[in-house]
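Report on the following structure.
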Amino acid sequence: MKKKAGQGQGGSKPSEVRSTALVPVQNTNNKPAASKSKSAPASVKEEPEFDYKSLGKISSGDKTSKSRSTKSGKKSGSNSSANSGSAYGFSNKKSKKKNPFAPIIAIAAAVILVAGAVAALLYYTGVFEEKVEVTLADGTVTKITTEEAYAELATDKFYAGTVINGIDVGGMTYDEALNAVTNTVPDKPLSIDIRLSLAGKLLYLDFSDATFEYNTKQILDEAYAMYRPAPLAEGEEPDPVALVENYNNVQQLKNTPLTYETAYTVHIESVTERINKVLGLYVDEFALVKDATIEKFDTDTHEFVISPEKTGYAIDVEATAKEVKALFDSKVYTAVVEVPTEIKEPQVTEAMIRENFGLMGDCSTSCSNNSNRNSNISQACDNMNGTILAPGEVFSFNQTVGERTAANGFKEATVILGGQYEQGLGGGICQASTTLYNAVLEANLAIVERNNHAWPSDYVQTGLDATVDWPALDFKFKNDTDYQVVIVTWFDWDDRTVNAEIYGQKLPDGQYIEIEAEITSMTDAGPDEYVEDRELPVGQTKTIRQAHQGITAKAYKVWYNSDGEEIDRVYYNTTTYYAYGRRIGVGVLNPDGTYATMDKNTGEITSPIMTTTPVPTPTPEPTATPAPTEPPETTPAPTDPPPPTDTPVPTPTPEPDPPTDPPAPEPEGGGGEGGEGGGGEATP
């Protein structure tokens with residue numbers, strides 16, 4: 001090993017050798033000194049034997065001897081031995097002049113050669129090698145050469161006390177250690193279990209195709225290089241300080257091993273795409289915001305069946321993917337990630353409904369004891385009962401109740417049609433529409449369509465009726481609130497009442513509304529009208545329609561506070577009922593089947609209609625059969641009884657001809673389906 005400059009001069013033994021060898025040079029004329037000089041080489045043990053023949057060679061190089069030899073010519077060969085001997089102090093008689101320093105020079109040269117040989121021997125045996133002080137594993141402090149320290153550290157094996165993944169690889173080569181450690185690591189060291197939490201719902205992400213890459217070689221490289229000296233270039237020597245530090249550390253590994261653990265990197269592709277695939281199934285569903293709604297209304301308990309509200313969530317897929325990637329970067333592979341969402345709150349909650357919803361308006365009207373009519377009203381109430389209107393939805397009486405047919409459960413009863421009474425299916429249901437209309441007014445909802453009768457109904461205030469007729473006339477209103485509206489209607493057979501209630505968001509601060517109407521003007525009934533009745537025998541009459549005065553009425557919404565005090569009175573609308581004269585049917589059927597003529601202004605029979613008398617046949621005409629059997633004076637009795645007490649005429653009109661033309665009956669309870677001549681000005 002190459003030595004560092006000046007490294008061979010630090011020891012004590014080489015200094016003593018040099019000092020001993022140079023003693024004779026300082027005293028050349030003293031023979032004892034020369035003797036002492038001859039004994040110096042013997043004091044160094046294991047010194048190689050000195051080649052004394054070299055002295056002669058050194059002497060032959062003397063210039064004086066060479067000069068004499070040249071001058072002697074042929075005698076030079078015989079004088080060579082003499083000249084050579086003169087170097088040792090022998091006398092040469094033939095020489096003209098002797099060199100007095102030749103013996104000293106020869107001795108000095110011999111000493112130098114011996115010293116060089118000794119120095120060479122010491123050098124190659126390590127006497128001059130620089131030594132360093134090191135501490136062994138047991139704490140012993142000793143000195144070794146840098147070459148020995150370097151050689152011990154520059155091994156191709158791992159140092160004792162190196163542990164990787166629990167395996168002591170000390171004494172193993174790199175390949176041996178790599179195989180030993182690799183066999184201890186599994187192909188899949190863990191299962192990736194990342195789940196997403198979305199509004200309390202756990203969603204599993206599938207990362208079963210993830211791959212794992214270990215840093216085994218990186219760890220082995222690090223452990224192998226620990227405290228190991230770097231390779232030296234040619235002629236380069238190690239740093240003694242660093243060499244000692246590394247050596248001592250390696251010794252201490254035997255007491256305190258260095259432990260290494262390999263790690264792995266997880267390779268997962270398309271994290272965002274996987275998350276988007278899972279969350280994509282819920283984006284639309286969770287984005288939907290649902291208000292609490294009333295599913296139905298229990299008419300027996302008057303309780304709402306409410307479907308609870310649903311909070312909406314705008315799902316942030318990108319932020320979720322970023323958070324999952326951050327977990328992987330932090331070597332975290334088992335976690336529940338809360339999906340970032342933007343919450344969208346519903347406007348109506350179940351708590352709001354239960355706290356703020358209640359009765360908005362109601363109305364109850366009394367009916368007569370007409371079974372068919374009451375049955376029709378009950379059927380209409382059943383069809384409307386429990387109807388729920390969403391905000392902005394329009395209610396249609398005709399669409400909800402349906403066409404008045406026997407198949408739909410309706411019966412025949414008196415109806416007002418064309419301004420007069422007739423029998424028809426569904427007679428009486430106008431009382432159901434009228435009762436509902438008054439409840440809607442109290443609920444302060446927007447009326448879309450309302451038609452009044454030809455004349456006022458006696459079961460509500462004048463100006464507050466609402467007639468219907470399939471399909472021409474309808475009653476409609478709109479839920480113009482932000483909340484649902486529930487319609488509750490029923491017919492009470494015990495007290496023969498029609499009942500309507502409107503439920504929704506209650507008016508503020510316990511306020512409520514009552515509807516009032518006042519008649520603002522009246523006009524006289526019109527003149528009597530006469531019409532032919534070809535089924536009625538000549539001379540008989542019947543009242544088809546009573547006379548009715550013209551009436552104008554105004555309606556008001558009167559607001560009250562929770563204490564029952566009037567706080568506001570708001571004009572709502574004006575309803576006009578036109579004047580009607582009494583309509584009288586005049587019989588024009590002659591006994592022979594011909595028809596008489598009649599004056600339409602007075603109702604008088606002017607002359608019979610000139611027709612050919614029919615030839616009698618064995619079989620009588622079916623239409624003529626009842627005529628001979630019904631006495632003229634009794635014919636009006638079954639069809640023209642006295643008017644009932646609920647006749648809606650504001651002021652009675654005297655009948656012009658009581659003996660022969662008793663007034664025709666109006667239906668019990670008044671009103672029916674349809675109407676004519678009436679008009680109403682409704683304000684929204």
Does any non-hydrogen side-chain atom of [Y] lie less than 4.5 Å from one of [X]?
| X | Y | value |
| --- | --- | --- |
| Val570 | Tyr556 | no |
| Arg404 | Ile429 | yes |
| Asn452 | Thr576 | no |

[X]: side-chain contact (heavy atoms from CB on, under 4.5 Å) partners, not counting sequence neighbours:
| X | result |
| --- | --- |
| Ala413 | Asn372, Arg373, Asn376 |
| Lys290 | Thr293, Ser307, Lys310 |
| Glu449 | Asn451, Asp474, Lys476 |

Got a donor-acceptor contact below 3.5 angstrom from the [X] side chain to the [Y] backbone?
| X | Y | answer |
| --- | --- | --- |
| Asp533 | Gly585 | no |
| Thr520 | Thr552 | yes |
| Asn385 | Thr489 | yes |

Are more than 12 heavy atoms, taken from residues, nucleotides or ligands other than Glu535, located less than 6.0 Å from that residue's CD atom? no
Neighbour count >12 (heavy atoms, 6.0 Å) for atom NZ, Lys557: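 Atom NZ in Lys557 is packed in, count exceeds 12.
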For residues 502-509, please give each side-chain donor-acceptor pair under 3.5 Å, one per line with the distance, not counting sequence neighbours.
from, atom 1, to, atom 2, distance (Å)
Tyr503, OH, His302, ND1, 3.0
Tyr503, OH, Glu501, OE1, 2.8

Any pair counted as salt bridge (charged side-chain N to carboxylate O under 4.0 Å, His left out), so long as it reaches residues 561-576, sequence neighbours left out: Glu516-Arg569, Glu566-Arg569
Does any pair with a residue in residues 353-366 pass salt bridge (charged side-chain N to carboxylate O under 4.0 Å, His left out), and if so which ones, sequence neighbours excluded? Glu350-Arg354
